[in-house]
> 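Got a structure for you, written out below as structure tokens; questions coming shortly.
One-based numbering along the sequence shown.
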Amino acid sequence: LGRDPASTLVIDSAYASRAHARVFVEGGLLLLQDRSSNGTWVVPDGQAPMQIVRRQTPLMGCGRIYFGADPRTTLTKPVIYKTTGDVG
């Protein structure tokens, strides 16, 4: 995921890095791994934003992902995610 046109999902935001993050399955979990300088914010539905910088976090349920900017202080467009529980 990132601004690079060769990305699987191109993020159209000046805040996103060219190779910002990746999503993958490991051990039956869907994981988001930040690879950026500015970080990624994950906002699971009904919860507070969590900043992820150069680490990974599981994606569970539904929520939004913001690339490179805190969603509480900037007007950035999120990527919406919804997991089904069957990622093995």
Side-chain angles (χ1 to χ4, degrees):
L1 312 173
R3 275 187 337 203
D4 189 316
S7 296
T8 302
L9 179 62
V10 177
I11 307 301
D12 184 19
S13 170
Y15 296 109
S17 298
R18 281 181 295 209
H20 195 96
R22 75 181 187 120
V23 175
F24 61 102
V25 175
E26 183 176 280
L29 292 173
L30 184 64
L31 300 170
L32 170 78
Q33 179 182 44
D34 176 76
R35 296 176 162 184
S36 71
S37 301
N38 297 325
T40 302
W41 278 258
V42 176
V43 186
D45 284 356
Q47 297 183 36
M50 301 178 296
Q51 185 181 19
I52 310 301
V53 181
R54 302 277 178 174
R55 60 187 176 95
Q56 62 191 34
T57 190
L59 297 175
M60 294 183 274
C62 303
R64 297 169 314 283
I65 303 169
Y66 295 85
F67 298 90
D70 187 331
R72 297 167 293 194
T73 60
T74 59
L75 297 175
T76 60
K77 292 182 182 179
V79 167
I80 296 171
Y81 70 88
K82 179 179 181 182
T83 62
T84 63
D86 185 19
V87 294

> Please answer: with hydrophobic residues joined when any side-chain heavy atoms are less than 4.5 Å apart, are W41 and Y15 in the same cluster?
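No, separate clusters.
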> For the residue pair A14 and R3, what are the closest heavy atoms and their distance?
O-NH1, 4.0 Å
> Please round to the nearest 0.5 Å and tell me the distance separating atom CD1 of I52 and atom CZ of R35.
15.0 Å
> Taking the side chain from R22 and the backbone from Q33, do they hold a donor-acceptor pair closer than 3.5 Å?
no
> For D45 and R64, run side chain to side chain contact (heavy atoms under 4.5 Å, CB included): C-alpha distance rounded to whole Å, both residues' side-chain angles, the deciding distance at 0.1 Å, then the answer.
CA-CA 8 Å; D45 284 356; R64 297 169 314 283; 3.4 Å; yes
> Rounded to the nearest 0.5 Å, what separation is found between the CG atom of L59 and the OH atom of Y81?
5.5 Å
> Tell me, with the steps shown, if Q51 and D70 meet side chain to side chain contact (heavy atoms under 4.5 Å, CB included).
CA-CA 8 Å; Q51 185 181 19; D70 187 331; over 6 Å; no
> Quick one: does P78's side chain get under 4.5 Å of I65's, heavy atoms only?
no
> Can you check whether M50 reaches P44 side chain to side chain, under 4.5 Å on heavy atoms?
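Touching, per the 4.5 Å side-chain cut-off.
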> Do H20 side-chain atoms and G39 backbone N/O form a donor-acceptor pair below 3.5 Å?
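Looks like yes, one N/O pair under 3.5 Å.
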> In Å and rounded to the nearest 0.5 Å, what is the CG to OG1 distance from L30 to T57?
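Here the interatomic distance stands at 10.5 Å.
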> Check for me, please, whether V42 and L9 land in the same ILVMFWY cluster - side-chain distances under 4.5 Å, paths through other members count.
yes
> Verify the distance criterion only: is there a donor paired with an acceptor across the side chains of S36 and D34 at less than 3.5 Å?
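Indeed, the side chains of S36 and D34 share at least one donor-acceptor pair under 3.5 Å.
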> Is T83 reaching over with its side chain to a backbone N or O of G61, donor-acceptor style, under 3.5 angstrom?
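Here the side-chain-to-backbone pair exists.
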> Taking the side chain as every heavy atom from C-beta outward, state whether S13 and F67 have any atom pair closer than 4.5 Å.
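S13 does not reach F67 side chain to side chain.
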> Side-chain contact, heavy-atom cut-off 4.5 Å: R72 with P49?
yes
> What is the distance from atom CG of L31 to atom CE of M60, rounded to the nearest 0.5 Å?
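Going from CG on L31 over to CE on M60, the span is 9.5 Å.
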> How close do P5 and V10 get, heavy atom to heavy atom, and via which atoms?
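Taking every non-hydrogen atom into account, O-CG2, 3.8 Å.
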> Would you please test V79 and L1 for side chain to side chain contact (heavy atoms under 4.5 Å, CB included) and show each step?
CA-CA 10 Å; V79 167; L1 312 173; over 6 Å; no
